[in-house]
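In what follows, every heavy atom counts, from backbone to side chain, and hydrogens, waters and symmetry copies are set aside.
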Amino acid sequence: EPASGHVRALVGGRDFGASQVNLALGGSAGMQPGSSFKTFVLATALERGIDPETLFDAPASLDFPGCDPTCTISNSDFEDHGSMTLRAATAASVNTVYAGLIDQLGPQAVAEMAQRLGVSAIDPRRPYGVSLALGAYEVSPLDMAAGYATIANRGVRQRATPILRVLDRRGNVLEDNTAPEGEAVLDPVVADTVSDVLQGVIEGGTGEAADIGRPAAGKTGTAQDYRAAWFAGYTPQLSTAVWMGYSDSPR
C-alpha cells in the first residue's frame, strides 16, 4: 500500500516444497530489473527540470568508454528511432535514449534517487555505470514495489513492512506500524509527472498487457539475455512488482 507501506501480498516462489528461497526478497543474490529501472532515471531527469516532451537522439546503438557489462548499448529492436521525446522513449523503452540520459545525469545521481525512493539494494556509495539505466544491477521485487509505491504516494516514502503491530506476552506494544508518518523524498509534482509518463506505457507502450481497465502506471523490464521478465506498476491504492524467470539461472 503506497499510503502505508503495508505489504498486502507476497509470493516468494511457485512451490515451497521444491524451494524455500524467497524470490520476492531477491533470493540469494537479487535479480536484474531490466528496463523497469528506467523509472528512476526518469524521476531523476524530471527532478533536474527535464521536460517529458524534450527531444533526444535515439540511434540504434551507443558506445560508452568503460561501461559495464558492455561498452555498446543497443535498442532491443536494433533500430534507429531518429529523434523522439522522453515520453515516447519511455513508452517504447528505447535503451539508447536512457543510456544517453543517465550519462548526462550521472549514474550516481540515479542510484541516489532509487535508494531515496525505497530501492534498498542500490547503494549510491558504490560505483555504477550507464548500464544502471537498463537494470544491470540486482534488486528484489519488494525493492521495486517499494520504490514505485513512493511515486504512487506522490513522493512520500513509507517503509515497506508486513508487520502491523508486535506485542509481548503482557500486551505491551513493541512495534506499531498502524499509522506510519512517512517521509517526503520527492516533489509531488515530479512524482505526478512520472506517473503521467508511466501511464502512457500501459495505454500505448510496452505495458499494454497490464491494462486493467482503469488508470494505472507502470514499466516493463527484461533481464539481460532474456533470462527473466518484469513488470512494476501501481494505482494510488496498490503498488506491485512481478518477476518471472527461471530461478536456478544466474541473475
Side-chain angles (χ1 to χ4, degrees), residues 1-12 23-26 31 33-47 52 86-93 113-121 135 139-164 177-222 228-244:
E1 283 185 345
S4 67
H6 296 158
V7 176
R8 290 298 182 182
L10 186 149
V11 179
L23 298 176
L25 301 183
M31 303 93 146
S35 289
S36 62
F37 200 86
K38 287 174 180 170
T39 293
F40 306 115
V41 185
L42 174 64
T44 307
L46 297 178
E47 187 177 63
L86 181 57
R87 182 185 298 276
T90 305
S93 200
M113 173 64 75
Q115 188 184 72
R116 195 198 322 166
L117 294 180
V119 185
S120 61
V139 297
S140 72
L142 182 60
D143 263 344
M144 295 298 286
Y148 275 58
T150 300
I151 301 169
N153 200 33
R154 305 195 68 215
V156 177
R157 184 185 66 216
Q158 297 283 8
R159 182 176 64 91
T161 178
I163 298 170
L164 195 62
N177 297 315
T178 54
E181 293 183 1
E183 180 184 2
V185 296
L186 186 67
D187 187 294
V189 174
V190 173
D192 290 348
T193 307
V194 173
S195 295
D196 178 62
V197 174
L198 294 188
Q199 191 170 333
V201 174
I202 294 176
E203 292 177 346
T206 59
E208 286 182 307
D211 187 350
I212 57 174
R214 56 170 290 190
K219 185 74 186 71
T220 55
T222 305
W230 285 76
F231 177 77
Y234 54 88
T235 64
Q237 294 77 28
L238 288 174
S239 173
T240 190
V242 179
W243 175 91
M244 181 176 288

Practice problem: Could you go through the salt bridge (Lys or Arg N to Asp or Glu O under 4.0 Å) check for R116 and E47 one step at a time? | Solution: CA-CA 13 Å; R116 195 198 322 166; E47 187 177 63; 2.8 Å; yes
Any idea which heavy atoms bring [X] and [Y] closest together, and the distance?
{"X": "S195", "Y": "A217", "result": "O-CB, 3.6 Å"}
{"X": "P236", "Y": "R214", "result": "CD-NH2, 4.1 Å"}
{"X": "S140", "Y": "W230", "result": "C-CH2, 4.0 Å"}

Sub-4.5 Å side-chain heavy-atom contact between [X] and [Y]:
{"X": "P2", "Y": "T150", "value": "no"}
{"X": "I163", "Y": "H6", "value": "no"}
{"X": "T193", "Y": "L42", "value": "no"}

Practice problem: State whether a side-chain donor-acceptor pair under 3.5 Å links S93 with T206. | Solution: no
Self-check item: Donor-acceptor under 3.5 Å (S35 side chain, K38 main chain)
Solution: no
Quiz prompt | Listed partners of F40 passing ring-ring contact (aromatic ring centres under 6.0 Å, His included), at least two apart | solution = F37, Y148
As an exercise, state the distance from [atom1] of [X] to [atom2] of [Y], rounded to the nearest 0.5 Å.
{"X": "R8", "Y": "T240", "atom1": "CZ", "atom2": "OG1", "value": "14.0 Å"}
{"X": "Q199", "Y": "T90", "atom1": "CD", "atom2": "OG1", "value": "13.5 Å"}
{"X": "L117", "Y": "T39", "atom1": "CG", "atom2": "OG1", "value": "10.0 Å"}

Quiz item: Of the options V119, L25, L23, which is the one that meets L142 in a side-chain contact (heavy atoms from CB on, under 4.5 Å)?
Solution: L25
Quiz item: Does R159 come within less than 4.0 Å of E181, counting only side-chain N to carboxylate O?
Solution: no
